[in-house]
Chemist: 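Here it is, the structure, as structure tokens.
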Amino acid sequence: MNMLLLYCGIFSAVRGKDKDMSDVKRVDDTWVPLLLQWFSVHCRELPWRGGTRRDPYKVWVSEIMLQQTKVEAVRPYYESWMERFPDMETLAAASADEVLRQWQGLGYYSRARNLHQAVQEVVASYDGKVPSDTAELVKLKGVGAYTAGAIASIAYGRRVAAVDGNVLRVFARLYNIEENILSGAVKKEITDLVDNVMPAACPGAFNEALMDFGAQVCVPRQPHCEGCPLSSHCLARAAGKEAVLPLRLTKKNIPTEDITVVVCTRQRKWLLHRRPEKGLLASMWEFPNAGGAGAEGIGAVTKLLQSVGLSVVVGAAEIAAVKHVFSHKIWRLHVYRAKAVHGHLQAKEDWQWLPVTAYTEVPWAGPHGKITAVL
DNA sequence: AACTCGGGGAA
DNA sequence: TTCCCAGAGTT
């Protein structure tokens, strides 16, 4: 069966927008009928796509299950779910344990709990009818901007965007958007683009077409540009960047380093060390420190100080813990006091006893500057 | 804006 | 291993 015909009545009225709105920025949307034509042939047969009228409950369940989850993983769960909970009343009456059991293995289990609660709310407070307005939909537990748009457009034919990972990727390529698609700004930019090019005749089919297209043709790696019906409209391809877009910058896991710091005080002076002229925090002053935490860290600092002629006894208590985030690493500074300092500091330019009153006069390594505030 | 939340398939 | 998937809630 051809879903497109149900919602679109063929790809005719795709340009149903007002061409006289001069202050609205126009973008190229001539590819839209090509996408719809592609979808009319290549749309996937999915269990939640049957029927002449899309049941809002079925659309809702499928959209929740599909969050961060591949279609093939969802398919058996959806079938089983609909056998057990064929309508919202049945689901609302079910126990939380039974709902969770049906979800077992699919992951992100808060989706099941939220869906259960939201359906109970719809049954109790919405006369058993799923809202058609996105402003109402997003009030439901587990329904965000994407899911609200998907339900409103697919089940109710509302002209609303549903921007998911597929849509972000497809638009980043079509319009050669080189910024990070995971940023809020780019997501808004693409949402505006979708709103701008969305055909009035078949919003739901258009949204589904974008996702099917992203899943089958404009795939994340090595997009199938040969044979892509939109390749001649693709600005990324024109720029030769179809393989490197979209840009997805995730917060990379930056390593955390434990560093033990020992504050040595003598005659109202602090023992300080100047960092090497090259590298991190070059030439800035810091308290004596060494890598490691606990006894290991204290031992390392003690050994370091012995190498410059000082013998110290470090207090047992950690007097402060300072966290400092760099772009590429995190320092956890464990700060101790030296109870006693013996010996004479060897004459070295990068080791000094500095009056505590002069601490504002030297360049402090940032993390150690935080320690002076604690002291 | 960054974290957390599951699990599976693909490169 | 790493990436990515029809994201949303929390902090």
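Here the structure is a predicted model, which means the values were calculated and not measured. What's counted below: heavy atoms across the whole structure, side chains too, no hydrogens, waters or symmetry copies. A, B, ... follow the sequence lines: proteins, then strands. Residue 1 opens every chain.
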Chemist: Please work out if Thr147(A) contacts a base, only the sugar-phosphate, or nothing of the nucleic acid, heavy-atom cut-off 4.0 Å.
Modeler: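 It contacts sugar-phosphate atoms only.
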Chemist: Closest approach to the side chain of Asn114(A), judged atom by atom: which nucleotide of dC4(C), dG9(C), dA6(C) is it?
Modeler: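 Shortest atom-to-atom distance from the side chain points to dG9(C).
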Chemist: May I ask you to evaluate whether Arg248(A) reaches the phosphate of dT2(C), defined as a side-chain N or O under 4.0 Å from OP1 or OP2?
Modeler: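 No, outside the criterion.
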Chemist: Check the hydrophobic clustering (I, L, V, M, F, W, Y; side-chain heavy atoms under 4.5 Å; chains of links allowed) and say if Val27(A) and Leu245(A) are grouped together.
Modeler: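 Looking at the clustering, Leu245(A) is in a separate group from Val27(A).
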Chemist: With respect to the side chain of Trp48(A), which nucleotide from dT10(C), dA8(C), dA6(C) is positioned closest?
Modeler: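 For Trp48(A), the side-chain atoms sit closest to dA6(C).
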Chemist: What string of B, S and - do you get for nucleotides 4-11 of chain B, 5' to 3', if B is base contact, S is sugar-phosphate-only contact and - is no contact with any protein heavy atom under 4.0 Å?
Modeler: -BBBB---
Chemist: Scan Ile151(A) against the nucleic acid and name what it touches under 4.0 Å (heavy atoms): base, sugar-phosphate only, or nothing.
Modeler: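 Nothing: the residue Ile151(A), judged by heavy atoms under 4.0 Å, touches no strand.
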Chemist: Any base atoms under 4.0 Å from Val74(A), or only sugar-phosphate, or nothing? Heavy atoms, all strands.
Modeler: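 Val74(A): no heavy atom of the nucleic acid under 4.0 Å.
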Chemist: Salt bridge check: are Glu208(A) and Arg49(A) linked by an N-O gap of less than 4.0 Å?
Modeler: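 Between Arg49(A) and Glu208(A) there is a salt bridge, with a charged N closer than 4.0 Å to a carboxylate O.
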Chemist: Using heavy atoms and a sub-4.0 Å distance, could you list which residues of residues 160-174 of chain A are near DNA chain B? By number, please.
Modeler: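 Within this stretch, nothing sits under 4.0 Å of the strand.
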Chemist: Counting only non-hydrogen atoms, which of residues 179-191 of chain A are less than 4.0 Å from DNA chain C?
Modeler: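 Heavy-atom cutoff 4.0 Å gives no residues at all.
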Chemist: Could you check whether the rings of Trp351(A) and His273(A) sit parallel, tilted or perpendicular, using 30° and 60° as the cut-offs?
Modeler: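 Because their plane-to-plane angle lies in the 30° to 60° range, the rings of Trp351(A) and His273(A) count as tilted.
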